[in-house]
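Before I ask anything, here is the structure I am working with.
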Amino acid sequence: MEINNLLKLDGHIVLGIVNEKLRLECKSVDELLSRYELDNDELMEKMGDLGFQYDPINNQFK
């Protein structure tokens, strides 16, 4: 799977992949967005629609 198609997937799948990337590869959501060329607004909207927000202290969406 190419990461640039990530935001087209089901939100719960996106949540799992994004949190895994944050846990294992990226120290912040900004690094994740930059590394995988994701759009901040699209990601935040997709997560927000599911009721999740980024928690910078734990570096994950909750």
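Position 1 is the first residue of the sequence; numbering continues from there. The structure presented is a predicted model; accordingly, all values stated were derived computationally and were not measured. Reckoned from all heavy atoms, side chains included, excluding hydrogens, waters and symmetry mates.
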Find the distance between CE (M47) and CG (L7) and round it off to the nearest 0.5 Å.
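Here the rounded value is 8.0 Å.
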Any pair with a residue in residues 15-28 that passes side-chain hydrogen bond (donor to acceptor under 3.5 Å, both in side chains), sequence neighbours left out, goes on the list, sorted by first then second residue, please.
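For residues 15-28: K21-E25, E25-Y36.
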With a 4.5 Å heavy-atom cut-off, do F52 and Q60 have their side chains touching?
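Heavy-atom side-chain distance check fails, nothing below 4.5 Å.
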Between D10 and H12, is there a donor-acceptor pair closer than 3.5 Å when you use the side chain of the first and the backbone of the second?
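Answer holds: yes.
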Are L43 and L6 side-chain neighbours, meaning at least one heavy-atom pair lies under 4.5 Å?
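L43 does not reach L6 side chain to side chain.
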Rounded distance [0.5 Å steps], CG in L32 versus CG in L22:
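Atom-to-atom, L32:CG and L22:CG are 5.0 Å apart.
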Would you say N59's side chain and C26's backbone share a donor-acceptor pair under 3.5 angstrom?
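Yes, N59 side chain to C26 backbone: donor-acceptor pair under 3.5 Å.
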Does anything in residues 42-62 pair up under salt bridge (Lys or Arg N to Asp or Glu O under 4.0 Å), and if so which pairs, sequence neighbours excluded?
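Every salt bridge (Lys or Arg N to Asp or Glu O under 4.0 Å) pair that includes a residue of residues 42-62, provided the two are not neighbours, is D55-K62.
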CG/L15 to CG/L9 distance, rounded to the nearest 0.5 angstrom?
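These two atoms lie 12.5 Å from each other.
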